[in-house]
Amino acid sequence: MKKVHITLVGGQPIPEYIGIKDDGQANTVVLVCSPQSRAEAGRISHQFQKRSVIIKECSPIDLDEIERLALLLNEEYADYEKTINLTSGTKLWSLTFFLVFNNQEHVHFIYVDQTNNIIDILLKKTHQGCIDTFKRFELYGSSLTSYRALSEYTDEDIIVLRAVEKVRKINRKDFHELTDKNNLKECSDSGFIETANGSTLEFSLEEKWAKIRLKTGRNVFIKEFQSKHVFDILFNSGWFELKTARELSQNENIKNIWLNCEFTDSDGNAKNEIDIIAEFGNRLLFVECKTMIHDTTDIDKFRSALKNFSGTSSTGLFVTNDKPNEKNRYRYEHAIEKCKDNDILHFNFSLWRDNPVNNPPLKVLINEQIQTQNKR
């Protein structure tokens with residue numbers, strides 16, 4: 001018997017893709033979309049060029065039009081074994097298609113949850129679907145074109161990381177001024193930067209070497225750094241991103257970790273950058289790293305990027321390093337509240353270290369959240 005796979009297309013294309021991929025014996029695929037989800041249907045269709053993919057556009061709210069389409073498909077594929085994916089689209093679509101196709105032979109209704117479980121609704125059976133990480137981004141109209149795997153960092157890089165974190169504590173103000181990313185962009189190979197306080201940073205891009213002199217009152221602290229990725233670690237708080245990635249790597253549920261993840265659109269234009277993306281078995285964790293929250297709009301931007309690149313199925317994590325003080329406490333507490341409102345996890349290294357009883361370890365925090373369903 002011939003097979004057809006009918007899927008309702010909304011704004012989240014991943015469940016549709018997983019359902020079609022899992023139904024490998026269905027050579028005919030029908031994508032029911034609205035004018036608003038036509039782009040998603042096109043991207044899904046592009047992934048299955050070896051199959052016969054038919055796109056049917058339908059009103060998301062006109063009940064008569066929805067029913068006519070469902071009856072038409074029911075008649076056209078009467079002699080087919082049918083799988084109907086009810087996960088996405090409007091509730092009117094799902095209810096109408098279920099009523100029209102129910103109580104027939106050779107019909108399967110499926111639902112795909114955020115952890116890629118494929119549920120056969122009538123048989124009440126569940127099995128695991130799968131999707132490649134990079135395929136996720138393509139389905140949302142983006143490409144992950146530039147990134148660095150955590151495994152690329154060397155033992156020397158880790159030595160530099162530990163040293164940079166210690167040096168930063170000596171004079172944070174001058175350290176941040178010297179290691180601003182714009183200082184690196186302005187240099188072709190070597191550079192020398194000096195603060196008003198007299199602290200300096202000297203470096204050579206070719207030799208992958210840097211030397212910092214930090215003044216604290218009458219004292220001067222001098223430290224040299226040299227490693228393969230010394231500038232990614234030293235400048236623009238790269239050390240903190242690497243520190244966070246290494247902490248995440250202690251979680252045995254995480255398969256891959258990428259840093260400095262840059263996304264582009266279909267024309268190759270830069271869209272956004274995510275500090276860290278960690279791959280669990282069936283979900284992604286997007287991580288934003290800030291030593292301290294100075295602007296709560298950073299959370300809004302992160303939430304927007306999370307949705308744009310991976311929809312509602314991925315989990316967001318906002319990581320900070322420094323302990324809030326009286327000057328920034330109100331802003332910090334407001335930011336944490338905003339994280340909760342946006343279903344984004346938050347972890348602070350200093351608060352966890354000072355009070356591990358009331359602040360769960362990063363591993364526990366993530367593992368508890370990654371198994372739950374996000375808000376739609």
Side-chain angles (χ1 to χ4, degrees), residues 1-48 51-131 139-140 282 311-313 372-376:
M1 179 179 286
K2 294 182 290 187
K3 294 189 66 176
V4 62
H5 187 99
I6 301 172
T7 188
L8 311 180
V9 180
Q12 306 299 321
I14 291 177
E16 293 92 290
Y17 172 88
I18 290 174
I20 298 169
K21 182 175 182 292
D22 183 73
D23 196 7
Q25 293 182 336
N27 290 323
T28 302
V29 176
V30 180
L31 304 176
V32 177
C33 70
S34 67
Q36 294 78 16
S37 62
R38 181 80 190 205
E40 282 79 6
R43 289 196 290 268
I44 295 168
S45 176
H46 181 73
Q47 301 296 331
F48 299 98
R51 304 202 206 182
S52 174
V53 181
I54 302 163
I55 298 177
K56 296 286 188 178
E57 194 170 298
C58 180
S59 166
I61 58 174
D62 187 327
L63 191 55
D64 290 334
E65 183 179 336
I66 298 168
E67 187 177 41
R68 282 196 299 270
L69 177 58
L71 290 169
L72 176 66
L73 294 175
N74 184 39
E75 180 179 353
E76 185 172 353
Y77 298 105
D79 297 330
Y80 284 63
E81 181 180 349
K82 295 172 278 289
T83 297
I84 304 175
N85 188 341
L86 301 176
T87 309
S88 298
T90 65
K91 289 183 174 63
L92 286 178
W93 281 1
S94 299
L95 291 170
T96 302
F97 271 73
F98 182 81
L99 290 173
V100 169
F101 285 91
N102 194 23
N103 296 323
Q104 299 183 32
E105 292 184 341
H106 312 300
V107 176
H108 304 275
F109 296 100
I110 65 169
Y111 177 85
V112 182
D113 72 11
Q114 293 177 356
T115 58
N116 303 342
N117 285 315
I118 302 173
I119 304 165
D120 188 310
I121 297 172
L122 297 181
L123 297 179
K124 297 181 180 179
K125 291 184 178 180
T126 302
H127 66 278
Q128 186 71 51
C130 64
I131 180 172
L139 288 169
Y140 282 93
N282 48 23
T312 59
S313 62
T372 64
Q373 301 292 310
N374 294 332
K375 298 175 184 176
R376 289 285 185 175

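Numbering starts at 1 and runs along the sequence shown.
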- Within-4.5 Å side-chain heavy-atom neighbours: L86 and L8: yes
- Message: Among residues at least two apart in sequence or on other chains, which ones pass side-chain hydrogen bond (donor to acceptor under 3.5 Å, both in side chains) with K21?
- Response: none
- Heavy-atom pair of closest approach, residues V32 and C58: CG1-CB, 4.3 Å
- Query: Would a 4.5 Å heavy-atom cut-off, applied to side chains only, mark N85 and F97 as touching?
  - Reply: no
- Item | pair F101-F109: side-chain heavy atoms closer than 4.5 Å | yes
- Task: Can you sort out the partners of E57 under salt bridge (charged side-chain N to carboxylate O under 4.0 Å, His left out), two or more places apart, ordered by chain and number?
- Result: R38
- Task: Calculate, to the nearest 0.5 Å, the distance between atoms OH and SG belonging to Y17 and C130 respectively.
- Result: 7.5 Å
- Take atom CD of Q25 as the centre, draw a 6.0 Å sphere, and report whether it contains more than 12 heavy atoms from other residues, nucleotides or ligands. no
- Heavy-atom side-chain proximity of N117 to Q128 below 4.5 angstrom: yes
- State the NE2-CZ distance between H5 and F48, to the nearest 0.5 angstrom. 8.5 Å
- With D23 via salt bridge (charged side-chain N to carboxylate O under 4.0 Å, His left out) - residues at least two apart: K3
- Could you tell me which residues satisfy side-chain contact (heavy atoms from CB on, under 4.5 Å) with D64, sequence neighbours excluded, listed by chain and number? D62, R68
- Under the salt bridge (charged side-chain N to carboxylate O under 4.0 Å, His left out) test, residues paired with R51 that sit two or more places apart: none
- Which heavy atom of E16 sits nearest a heavy atom of G10, and at what distance? OE2-N, 3.4 Å
- Check the pair T87 / I110 against side chain to side chain contact (heavy atoms under 4.5 Å, CB included), numbers first and verdict last. CA-CA 7 Å; T87 309; I110 65 169; 5.6 Å; no
- Nearest-0.5 Å distance that lies between atom OH in Y80 and atom CG in L73: 12.0 Å
- Minimal non-hydrogen separation, L122 against F98, with atom names: CD2-CE1, 4.3 Å
- Value for CD (Q12) from CD (E40), rounded to nearest 0.5 Å, stands at 8.5 Å
- Item | Over all atoms of both residues, closest heavy-atom pair of S94 and S88 | OG-O, 4.0 Å
- Which heavy-atom pair separates L139 from Q47 by the least distance, and what is that distance? CD2-CG, 3.9 Å
- Exam field: side chain K56 to backbone L69, donor-acceptor pair closer than 3.5 Å: no
- Item | Qualifying residues under ring pair (Phe, Tyr, Trp, His ring centres under 6.0 Å), relative to Y140, sequence neighbours excluded | none
- Message: Would you say that more than 12 heavy atoms from the other residues, nucleotides or ligands in this model lie under 6.0 Å from the CG of L72, or not?
- Response: yes
- Which of these passes side-chain contact (heavy atoms from CB on, under 4.5 Å) with V53: L31, V30, I20? L31
- Item | Rounded distance (nearest 0.5 Å) linking atom NE2 of H108 with atom NZ of K125 | 10.0 Å
- Between the side chain of T96 and the main-chain N/O of L92, is any donor-acceptor distance below 3.5 Å? yes
- Please tell me if the side chains of Q104 and N74 come closer than 4.5 Å, counting only heavy atoms from C-beta onward. yes
- Query: Which heavy-atom pair separates V9 from A41 by the least distance, and what is that distance?
  - Reply: CG1-N, 3.9 Å
- Validation row: V107, N102 side chains within 4.5 angstrom (heavy atoms): no
- Message: Measuring from atom CD1 of I119 to atom NZ of K124, what distance do you get when rounded to the nearest 0.5 angstrom?
- Response: 12.5 Å
